[in-house]
Amino acid sequence: MATFFGEVLSVHSRAVEEDDREDEESENEEDVEIRRELEEKRKVHLKWCPEVSQAVEACTDKTLLCSHLIIAVGTNATGFVSAFILNSASWNRVGWLSLWNERNRGSSLVNSPPAPGEPSCMIYQQKEGGSVLICQCTCYVAEDQLFQWTEKVFACLQKRGLTVTVLSDAPIAEYKTSDYHHGSDIPFLRALKTSAYKEVVNCPFLEQPNIVTGLPAAVLCHCQIHGIPAVLYQSYSDVISADSVTMETYKLALTWTKSIKLEPPTTDILQKFTRGCDDVHGNLYT
Amino acid sequence: MFVPIDETRPAFKSYTLILPAISVGNVGQLAADLIISTLQLQKIGYFHTDGLIPMVGNNPYATSAENANDLSTNAEVYCSKDLKLTVLQIRAPILQTKIKQFRKSIVSWIKSSGFSKTVLLSSSHAYQRDDQQLEGTPLRYLLSPALQQEAGPRIKELEWREMEKVCAFPGISDSEQRLFIPGGGITKGLYTDCCNEDIPMAVVLMFCSEGDNIPDAFALGNYLNDWLHLLSKPAQGSPQWNIPPSWKLLFGGGIPPAIF
């Protein structure tokens, strides 16, 4: 494509890469080895604490009994779960997923849990052997790791009696509607569910042509194909940082859920999860 | 791998399979949308693979409030028993590190299912055309050797143009000729795989550029229909295609009034 000033720019297609990828056909041993090492580095690892590991091993099909899996993805979804559910101190940290990618250069030690404050995927279980698991995902899971992440998690869970709820943040800029959404409507929830999910959904469904990608999509895809009842509640917000108003939208998703109890946090606790996000970073004038 | 929606495994033997390549302008995928939406094909399963970027949404071919909230995934299989037609719709890009694997899984499924022929809908960068290709129709075809005998005569009747080969070394006219489909995604790779595996495959593609590719999708659909007769065609004009609801707002949502 020639521009106005005469220089030639390469045109990028939204669908395909420019190069023919014929180089893949003529790979030598060294290339294959590099590719294998890179794949190894990008593997997703799931580690359980000793008690849960034992429970998994004790089961004939090496799976954990779980009636409800709640997955929170994004700052506000995880903030909601921390403030309204995990804060009640009746939850134990029982496992984590460790992975490496360009945006998540976390600990390279697979066997030790992520440090506090480090982006991570932590799994919590109710104390005294409850059958509800919560997975809080604050780290970025790359596109090539999504399938692996999902397969690893669901391979450990008994499919019978399992229901999955996914809470996920999304920017309002990605929401397509013919009528522009005014400020007073934001944030709002939209839902998607698998065919096997028969419970009431507490908000409108996500209208076409909107789609969902990332970890929530990978989980829902898996659940749809394997006939697992699952529902996704996506909160569209115009705030990218942790925000108490956006967090509160998720209350609608879990208010009627019998398996967990929402405990409205005090102002101090809520501030703990939103503090620091009002700080202006990289301000030239301070 | 193919995962059926219910327990009964559909029989694909002697069916025609249509699938799109993820290619410039997404023309193959748009044309597949038109086919599924117009013929109201029924969803019969999923293509479960780690080779595609995950995505989900609500039913892109919704016809009523009842079916509007049926979940849709990144690769689904639709079918018509009457037309003996199967369409694999692919809605997400292929992961760069899984291209070869993905092609293998498609070839393996085609072979195990016993499709009588496979049609790959694709496109190629219009700006890469040479002087000869700039004239005449932007539509091209390719047939694998296994399909030459069956489809060759009809293709000849339709006066379609075969995709031209190019010199391996541009400018040196007596160098080896090779197939070159820039912007075609896995088209060339999948076509070559099918030739090597003796699979009857046709590639139906058109030259186009990124932009509003709806007219290109219609053109490709009409082109295909001339051969396969999926829709009845009036004596004058083109077949009546149904645009699916998912094509709304292709270029963005409502405009905030505050910017004016």
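In this text, all values refer to a predicted model and were calculated from it rather than measured experimentally. Hydrogens, waters and symmetry mates play no part in the numbers below; they use all other heavy atoms, side chains included. Naming convention: chains lettered A, B, ... in sequence-line order (proteins, then strands); numbering from 1 in each chain.
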**Fill in**
Counting heavy-atom pairs under 4.5 angstrom with chain B, the leader among Ala218(A), Ser178(A), Gly227(A) is Ser178(A)
**Message:** If we define contacts as heavy-atom pairs under 4.5 Å, which of Ile5(B), Ile53(B), Asn69(B), Asp70(B) has the most with chain A?
**Reply:** Asn69(B)
**Message:** Applying salt bridge (charged side-chain N to carboxylate O under 4.0 Å, His left out) to Glu39(A) and Arg36(A), what does each step give before you reach the verdict?
**Reply:** CA-CA 5 Å; Glu39(A) 268 178 29; Arg36(A) 205 195 338 259; over 6 Å; no
**Item:** Segment of Glu151(A) engaging chain B (4.5 angstrom heavy-atom cut-off)
**Value:**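 Side chain only.
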**Prompt:** Heavy-atom distance under 4.5 Å to chain B: side chain of Ile225(A), backbone, both or neither?
**Reply:**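 The answer is both parts of Ile225(A).
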Classify the side-chain pair [X]/[Y] by whether it contains a donor and acceptor separated by less than 3.5 Å.
{"X": "Tyr236(A)", "Y": "Gln234(A)", "result": "yes"}
{"X": "Thr249(A)", "Y": "Ser235(A)", "result": "yes"}
{"X": "Tyr61(B)", "Y": "Asn67(B)", "result": "no"}
{"X": "Ser72(B)", "Y": "Glu76(B)", "result": "yes"}

Atom group of [X] that falls short of 4.5 Å from chain A, counting heavy atoms:
{"X": "Asn58(B)", "result": "both"}
{"X": "Thr49(B)", "result": "backbone"}
{"X": "Asn59(B)", "result": "backbone"}
{"X": "Leu249(B)", "result": "both"}

**Prompt:** Is the closest basic N to carboxylate O distance between Asp50(B) and Lys98(B) below 4.0 Å?
**Reply:** yes
**Message:** Here's a test for you: under ring-ring contact (aromatic ring centres under 6.0 Å, His included), which of Tyr46(B), Phe12(B), Phe47(B) qualifies with Phe2(B)?
**Reply:**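 Of the listed options, the one satisfying the test is Phe12(B).
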**Ring centers of Phe147(A), His48(B) separated by less than 6.0 Å** =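 Under 6.0 Å, so yes.
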**Asked** Mind checking which of residues 201-211 of chain A sit less than 4.5 Å from chain B, heavy atom to heavy atom?
**Response**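 Heavy-atom contacts from residues 201-211 of chain A to chain B are Phe205(A), Leu206(A), Gln208(A), Pro209(A), Asn210(A), Ile211(A).
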**Item:** Member of Gln148(A), Glu102(A), Gln145(A) meeting the side chain to side chain donor-acceptor pair (under 3.5 Å) criterion with Arg42(A)
**Value:** Glu102(A)
**Message:** How about CD on Glu164(B), more than 12 heavy atoms from neighbouring residues, nucleotides or ligands closer than 6.0 Å, or not?
**Reply:** yes
